[in-house]
Amino acid sequence: MVLWQLSGLVLSAAGLFALHRAWQAKQRHWGLIGLGWALLLGSVLVWGRTSGVDKGPALGLISITIMAMLAIFVAAMRTPVKQRRQARVRNGMADTQTRVRHSAAANVASILAIVIFGLAASVAACTALFMGNRALGMEHTANLSLTMFAFPLAWAGLATYIGYSSSIRTRATVLTGVLALSSVIIFSSMQVT
C-alpha cells in the first residue's frame, strides 16, 4: 500500500516537473507536455490502486493539487522581491486624481464581477456538468470528483477572461451565454431523471 502511495507521489512530482519544464521552454515542446500529462494520469491510476476506483482518483487529484501548490509556494519564496519604481510626477494634479478614481472604480467593478458573476457562472457550469453526467449515467463518485476538479478551473478561466477583457459587452455576453447554456443543460437533465 505504501509503495503505491509513494509511486503516486513520485509520478505526480515528475508530471508537474515535466509540465513546468515545458512551460519554461522558449518554444512549445509537445513531447514534454504529453509526458507531463501522462505522468499525472499515471499518478491518478496508481492512487486508484490504493483506495479503490472511487476514492483513489480523488486522492490522486488532491495529492497533485497539494504538490503543485507546494511547488508554487517554494518558487514564490525563492523569487527575489522587485523594487517598485517611482511614479512619474505629472503637472495636471486634478486630472490625475480623476483618472485614479476612475481606475479604482473600474478595478472594484472588475473584482466584483469576478467574485459575483464569475462565481455564479462557474457554479452554474459545474452544476450543469454534474447534472449532465448524472443523466448520462456516470458513476456518482467519479462525477463528483470531476465536478470538484472542474470548478476551480472554470472559475479561474472566467476570472482571467473577465479581468483581461476590455469590452464590457463581450464580458456580459460570455457570462450570459455560460449561464443560459448551463440552465438549459440543468433543466433538460432534470427532465431525464
Side-chain angles (χ1 to χ4, degrees), residues 4-5 8-9 11-12 15-16 18-20 22-23 28 30 32-69 71-72 109-193:
W4 285 109
Q5 292 171 343
L9 290 174
L11 286 172
S12 297
L16 291 171
L19 288 175
H20 180 69
W23 176 72
R28 189 162 296 182
W30 288 108
L32 266 177
I33 293 170
L35 175 66
W37 284 108
L39 288 170
L40 291 178
L41 177 64
S43 171
V44 171
L45 294 174
V46 166
W47 276 96
R49 298 280 302 190
T50 63
S51 301
V53 292
D54 55 347
K55 295 181 188 116
L59 287 173
L61 293 175
I62 290 169
S63 73
I64 290 169
T65 304
I66 290 172
M67 210 171 268
M69 288 175 22
I72 291 169
S110 290
I111 291 169
L112 287 175
I114 289 169
V115 171
I116 296 170
F117 300 117
L119 176 63
S122 58
V123 165
C126 290
T127 303
L129 175 69
F130 181 80
M131 296 292 287
N133 285 338
R134 187 174 75 174
L136 293 173
M138 181 181 260
E139 193 269 325
H140 180 72
T141 307
N143 191 11
L144 191 59
S145 298
L146 178 67
T147 305
M148 289 186 342
F149 189 67
F151 172 71
L153 296 176
W155 195 10
L158 284 171
T160 303
Y161 178 76
I162 292 169
Y164 283 106
S165 176
S166 58
S167 171
I168 294 174
R169 180 175 287 156
T170 57
R171 285 185 210 171
T173 304
V174 167
L175 289 173
T176 305
V178 169
L179 287 170
L181 181 63
S182 299
S183 298
V184 167
I185 293 172
I186 291 168
F187 289 123
S188 64
S189 65
M190 288 174 70
Q191 300 300 324
V192 171
T193 55

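Here the side chains of Leu119 and Phe151 are in contact, with some heavy-atom distance below 4.5 Å. Side-chain contact between Leu40 and Leu19: present, with at least one pair of heavy atoms (C-beta onward) separated by less than 4.5 Å. Residues Lys55 and Thr141 form no side-chain contact, since every pair of their non-hydrogen atoms from C-beta on lies 4.5 Å or further apart. Side-chain contact between Ile64 and Ser43 is present, with heavy atoms from C-beta onward closer than 4.5 Å. Between Leu9 and Trp47 there is a side-chain heavy-atom pair separated by less than 4.5 Å.
Considering CE of Met190 and CE of Met131, their distance stands at 5.5 Å, rounded to 0.5 Å.
A donor-acceptor pair is defined here as one N or O able to donate and one able to accept, closer than 3.5 Å; such a pair exists between the side chain of Ser12 and the backbone of Gly8. At least one donor-acceptor pair closer than 3.5 Å links the side chain of Asn133 to the backbone N or O of Leu129. Between the Thr176 side chain and the Thr173 main chain, no donor and acceptor come within less than 3.5 Å of each other.
Nearest heavy-atom pair, Ala150 versus Cys126, reported as atom, atom and distance to 0.1 Å: C-SG, 3.8 Å. Of all non-hydrogen atoms in Leu16 and Ala68, the two that sit nearest each other are CD1-N, 3.6 Å. Taking all atoms of both residues into account, the shortest heavy-atom contact from Ser145 to Leu61 is O-CD1, 4.4 Å. A pairwise comparison of heavy atoms in Ile33 and Arg28 identifies CD1-CG, 3.9 Å as the closest pair. Shown here for Tyr161 and Arg171, the closest heavy-atom pair between the two residues is CE2-CA, 4.1 Å. Closest non-hydrogen pair, Thr170 versus Ser167, comes out as OG1-O, 3.0 Å.
In this structure Ala121 satisfies the side-chain contact (heavy atoms from CB on, under 4.5 Å) test together with Leu158, Leu175, Val178, Leu179, sequence neighbours excluded. Contacts of Trp4 classified as side-chain contact (heavy atoms from CB on, under 4.5 Å), with partners at least two apart in sequence or in another chain: Val46, Arg49, Thr50. Listed by chain and number, the residues in a ring-ring contact (aromatic ring centres under 6.0 Å, His included) with Trp23 are His20 (sequence neighbours excluded).
Phe117 CZ: 12 or fewer foreign heavy atoms inside a 6.0 Å radius. Around atom CD1 of Ile168, no more than 12 heavy atoms belonging to other residues, nucleotides or ligands sit under 6.0 Å away.
Residue Phe149 forms a side chain to side chain contact (heavy atoms under 4.5 Å, CB included) with just one option from Leu153, Thr147, Leu146, and that option is Leu153.
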